[in-house]
Structure formats: C-alpha cells, structure tokens
Amino acid sequence: MDYLSLGNGTKTLLFIQGGPGSTVPQGMLRRMLRWQFAPLFRAGYSVWIVTRRRGMPPDHRAKDMADDYAQLIAEEFGGRVDIVVAESFGGMIAQYLAARHPETFGHMAMVVTATELSDWGKDVDSRMAQAIADGDTDGAGTVFAEYLIPNERLRWLRGLLGPVISRLLLTGAGYPLEDVLTEVEAEVGFNSRTVLPHIRRPVLLLCGGSDQFFPQDVARETAGLIPDCTLIWYEGKGHVRAASSSRIARDVLAFIGPG
C-alpha cells in the first residue's frame, strides 16, 4: 500500500480514493488535493492518502480491501484515525470498514458513493479498466472523458481529450494492471444493502445531485439503510464535480463539530 502524507497536523485523516486503480497523486492532482483539503490542514489535520494493496488476489472484494485498511490502521496509526474520508469506489470500501471495523475511526465521511453502482457506471468503468489493462491509456482517457462529458453528441470531444487525460492521470500510474481488473470486479458486483444496517457509527454522506454513477434514488436508499446518516446534496453537480468540491472539507468539519 503506497501512500502520500499532506500537512503536519497532529490529528489524522485517512483518505481512501476512488477507482478502479489507486495511485499516489502527482502533479496537478496533488495540487488540487492540497487546495481541497486546506481547511482541514488549518484545523490541525494531516491527510494520509493510502492506495489499495498491490498484487491483490483476483477474488479480492470490497470487504477484503476494508480489512486491508483496518490492518493498516492497526499497524501504522495505533489502531485508530480521527477521520476517514472515502470517495466513490473508496466509499464502497468504507461502507465495509464502518460495518466491520468501527473501532478504527472517530468519524466517517463518504463522498459520491452508494450501495450500488448504476448500470451506466458499471459499463463505463469496465471499459476504462479494460483499456488500461490492454495498455491503451489514450483509449482509457477517452472513456474517462465520459465522466466529464456524458452527452453522446460530444463523443468527438472525448476523443480529443482522451490523450490529454491519459497524460495527466493515467500514464505511469504505478499500479499492477491486474489490480485494476480486480477492483472493477469488486465494483461491478458491489451491493451493500445487507451490510449498511450494521453500521452503528454516525456517517456523513455527500452526494452529487446529478451523479450518473450513484443516482439520487440509490443515494437516498443508502442513507436510509444506515441507522445514523447525515445526507448532504451538492445540487447540480455530477460525480467528478461533486468529488472535487471545495465544500467537502468544510462539510466534514461541520459534521465533526468543535473539538
């Protein structure tokens, strides 16, 4: 499990990033995260961005990845972090972390995630992961552009953006291609409806009002299945815009409260 630490606060925040695939942020993405987490740095937190373990078995699923993070917290953070913030596929993993290992964190915020991925999302992520596994990073970048431009009439624009996205986000990502396919299998088959009622800690759920990966009806169902869940909508925002919102850090701090 590779990692990046940002900030030097005494309180700890574990950030579980989305997928498929997880990598230590570089360049523009690292600068964006510094900007996004700035309110948390000022509030005394250090942010630890930790990837999934490398060389996962092909049958590794979200619950197994949650166990990996629980073991990491036990071995490297003294058994507990102050906050877990997990987005998208990382939020799927966090659902199992919250249900199976509630002692490992003080507060939990899940961002742009839900109990099941939409059929559209399963299709897009499967095609992107297969392109990565085939070594076609430009093709994977073109599929990634569907996150930003879902309108089919602008397919031509995705083709132009694909190589740019590939250079910015995908080329030299640093994770085994087999792990990408393992994460896709975990994501496509994910359904946590029987797991969520076992979460006994308060959870903050931040969702995009126009998210095609996790539509509003599924997000509302997710919040309803967690016994103590605060649901906040980022109205008019799709998956990527909601995940990169400057509101996230402020909403997390407001949820935690003073102290």
Side-chain angles (χ1 to χ4, degrees), residues 1 3 12-22 33 36-37 40 45 47-53 56 60-74 76-77 79-117 121 125 182-184 186-208 211 213-214 218-219 221-232 234 239 242-245 248-249 251-253 255-256:
M1 299 172 82
Y3 73 93
T12 52
L13 184 152
L14 174 64
F15 180 69
I16 306 178
Q17 59 194 293
S22 61
L33 288 171
Q36 191 175 20
F37 288 131
L40 287 155
Y45 288 90
V47 175
W48 295 80
I49 303 167
V50 183
T51 71
R52 259 75 77 187
R53 59 181 274 204
M56 292 181 288
H60 220 54
R61 295 297 179 258
K63 66 179 180 62
D64 304 306
M65 297 175 204
D67 292 346
D68 292 338
Y69 281 105
Q71 183 177 349
L72 166 84
I73 293 169
E76 304 295 339
F77 293 93
R80 184 180 182 274
V81 295
D82 293 296
I83 310 175
V84 172
V85 176
E87 69 173 28
S88 195
F89 179 63
M92 292 175 164
I93 297 169
Q95 292 171 46
Y96 276 94
L97 182 66
R100 292 163 66 90
H101 305 283
E103 75 286 351
T104 60
F105 61 91
H107 294 87
M108 170 80 73
M110 302 177 188
V111 185
V112 294
T113 194
T115 188
E116 187 176 12
L117 189 65
D125 275 0
T182 297
E183 291 193 22
V184 169
E187 185 179 61
V188 169
F190 184 85
N191 186 324
S192 62
R193 288 178 173 86
T194 61
V195 176
L196 298 181
H198 296 286
I199 297 176
R200 297 303 177 188
R201 304 289 300 277
V203 169
L204 174 64
L205 182 60
L206 305 173
C207 294
D211 191 337
F213 286 91
F214 301 102
V218 182
E221 180 187 8
T222 302
L225 288 170
I226 299 173
D228 187 352
C229 183
T230 299
L231 174 60
I232 296 178
Y234 293 173
H239 190 75
S244 58
S245 173
I248 291 174
D251 285 339
V252 169
L253 289 170
F255 173 69
I256 294 170

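What's counted below: heavy atoms across the whole structure, side chains too, no hydrogens, waters or symmetry copies.
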To the nearest 0.5 angstrom, please state how far the [atom1] atom of [X] sits from the [atom2] atom of [Y].
{"X": "Asp68", "Y": "Arg53", "atom1": "CG", "atom2": "CZ", "answer": "5.0 Å"}
{"X": "Phe255", "Y": "Ile232", "atom1": "CZ", "atom2": "CD1", "answer": "9.0 Å"}
{"X": "Tyr45", "Y": "Asp82", "atom1": "OH", "atom2": "CG", "answer": "5.5 Å"}
{"X": "Ile93", "Y": "Met110", "atom1": "CD1", "atom2": "CE", "answer": "11.5 Å"}
{"X": "Leu231", "Y": "Leu204", "atom1": "CG", "atom2": "CG", "answer": "8.5 Å"}
{"X": "Ile73", "Y": "Leu14", "atom1": "CD1", "atom2": "CG", "answer": "5.5 Å"}

Heavy atoms, side chains only, cut-off 4.5 Å: are [X] and [Y] in contact?
{"X": "Met65", "Y": "Phe89", "answer": "yes"}
{"X": "Asp251", "Y": "Tyr234", "answer": "yes"}
{"X": "Tyr96", "Y": "Arg61", "answer": "no"}
{"X": "Phe190", "Y": "Leu117", "answer": "no"}
{"X": "Pro227", "Y": "Arg200", "answer": "yes"}
{"X": "Thr51", "Y": "Gln17", "answer": "yes"}
{"X": "Met56", "Y": "Asp64", "answer": "no"}

All pairs passing salt bridge (charged side-chain N to carboxylate O under 4.0 Å, His left out) where residues 99-114 contributes a residue, at least two apart: Asp67-Arg100
Under the side-chain hydrogen bond (donor to acceptor under 3.5 Å, both in side chains) test, residues paired with Ser245 that sit two or more places apart: none
Set of residues satisfying side-chain hydrogen bond (donor to acceptor under 3.5 Å, both in side chains) with respect to Asn191, sequence neighbours excluded: Arg193
Residues which pass salt bridge (Lys or Arg N to Asp or Glu O under 4.0 Å) with Glu183, listed by chain and number, not counting sequence neighbours: Arg52
Test side-chain contact (heavy atoms from CB on, under 4.5 Å) applied to Ile248 and Val112, Leu40, Leu206, the passing residue: Leu206
Pairs touching residues 222-232 that satisfy side-chain hydrogen bond (donor to acceptor under 3.5 Å, both in side chains), sequence neighbours left out: none
Val188/Asp125 under side-chain contact (heavy atoms from CB on, under 4.5 Å): CA gap, chis, key distance, verdict: CA-CA 9 Å; Val188 169; Asp125 275 0; over 6 Å; no
Considering all heavy atoms, the nearest Ala186-Ala62 contact: CB-N, 4.1 Å
Closest non-hydrogen atom pair between Cys229 and Ala223, with its separation: CB-O, 3.6 Å
Check: Lys63 main-chain N/O paired with Gln95 side-chain donor or acceptor under 3.5 Å: no
Passing candidate, ring-ring contact (aromatic ring centres under 6.0 Å, His included) with Tyr3, options Trp48, Phe77, Tyr69: Trp48
By ring pair (Phe, Tyr, Trp, His ring centres under 6.0 Å) - contacts of Phe214 (at least two apart): His239
Worked check of side-chain contact (heavy atoms from CB on, under 4.5 Å) between Met108 and Ile199: CA-CA 11 Å; Met108 170 80 73; Ile199 297 176; over 6 Å; no
